[in-house]
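Please read these numbers as outputs of a predicted model, since none were measured by experiment. Counting begins at 1 with the first residue of the sequence. In each ligand, atom 1 is the first atom listed, and ligand 1 is the first ligand listed.
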Amino acid sequence: MKLKLARLPALASIMGLLLLASTLAPGDVAAQGNVVESDSHRFVEVAQGVWFVSGTGSVYTMSNALVLVGEFDTLVVDSHVTPAAARALLDSISVITDKPVRYLVNSHYHFDHAHGNQSFPDGVEIIGHEFTRSKLSGENGNVLQENTFKSFSDGVPATVANPERQVAAADDPARKASLQERHRVQLDYMNAIQEVVPTPPNITLETKMTLFQVVAAGSREIQLLHFGRAHTGGDVVIFLPQEKVVFTGDMMLPGLAYMGDGHVDEWPETLEGLKTLDFDTWLPGHGPVMTSMEPIDNFQSYLRDLWLKTEQMHGQGVTAEQAAQQIDMTNHSDNFAQIRGPGVDPRAIRRIYQLLNE
Ligand SMILES: [Zn+2]
């Protein structure tokens with residue numbers, strides 16, 4: 001079967017979310033501490049005051065977040081996919097703390113991590129890479145008009161219409177109710193997209209910034225690190241050396257990341273930078289808490305192989321569209337459940353061709 005990522009019905013599955021469960025051995029999921037839920041969010045305390053945050057499904061969040069709670073303030077990493085999802089996050093934080101949000105960090109500029117920025121109150125400092133600011137400020141064009149945003153968002157009306165049709169056809173009351181709920185969530189999401197005003201970081205970094213948050217035990221060191229280009233031109237990981245925890249954004253996911261803005265040639269080397277850090281838990285921008293380091297090697301090997309195979313096709317004069325259908329990455333299918341046959345996301349191949357043509 002050919003992999004046709006763009007036709008998968010759920011947007012989340014494109015980012016590899018829905019396939020994760022089947023790829024993970026039970027030992028991959030860290031022993032988890034406190035778990036607290038609001039209606040829209042689940043907070044898992046991976047270390048004292050370090051909360052990994054995911055959506056429960058009642059509001060479409062599309063990505064994970066991180067909340068660091070200190071004595072006087074909180075720092076949030078990533079703002080979800082819409083202003084509405086970010087508002088739900090901000091409302092939900094009250095289930096774990098009453099300390100006000102002081103900082104928001106963007107792991108990268110992508111819509112599903114940064115289009116909630118505008119919901120953070122005035123006075124909250126937004127920190128991100130210089131590249132993230134250049135994208136979200138519009139100085140290099142409007143991100144709402146870019147292929148990345150459009151290739152994910154243009155399909156949303158269909159994800160609203162499909163369950164709507166199914167609701168009408170469903171007889172079983174339980175199924176009808178669950179379809180109705182799915183329809184409601186997607187409809188809310190579609191409407192929430194209209195509200196987006198890209199909002200850039202007002203504090204930027206190039207390679208490193210360190211914050212020290214006052215906590216009961218003294219101070220928490222929070223390192224923001226850019227190891228090079230990878231998933232985007234400005235990926236930042238959030239590293240907590242005392243807790244040995246790192247939030248990787250989409251630079252490192254349990255499954256295959258979107259590569260349409262990626263630097264596939266530089267990405268493996270950038271991941272070498274990640275591997276120099278001393279951590280035992282990594283928190284991806286999508287998917288569950290991770291403790292196994294194997295996926296990092298596996299992904300490096302996938303990226304190197306994809307680059308070589310694409311370069312070969314490019315050299316033979318094969319078009320990007322044909323290459324996307326022909327390139328066979330099934331030698332990595334044991335490590336990535338998304339790979340079900342020959343073929344690669346055409347957005348990744350178009351991007352690699354673009355880099356090769358530069
Ligand atoms: Zn991303």
Exercise. Within H110, is some N, O or S atom less than 2.8 Å away from the Zn ion (ligand 1)?
Worked result: yes

For this session: Give the C-alpha distance, both sets of side-chain angles, the deciding distance and a yes or no for side chain to side chain contact (heavy atoms under 4.5 Å, CB included) between L224 and I127.
Result: CA-CA 9 Å; L224 314 183; I127 307 174; 3.7 Å; yes

Exercise. Does the ring center of F149 lie less than 6.0 Å from the ring center of H115?
Worked result: yes

Exercise. With a distance cut-off below 6.0 Å to the six-membered ring centre and an angular limit of 45° from the axis, does R351 pair with Y258 as a cation-pi contact?
Worked result: no

Exercise. To the nearest 10°, how many degrees is the angle H108 NE2 to the Zn ion (ligand 1) to H231 NE2?
Worked result: 100°

Exercise. Do H108 and H226 meet the criterion of a side-chain donor-acceptor pair at a distance under 3.5 Å?
Worked result: no

Seminar exercise, completed: min-distance N/O/S atom, D250 vs the Zn ion (ligand 1), resolves to OD2

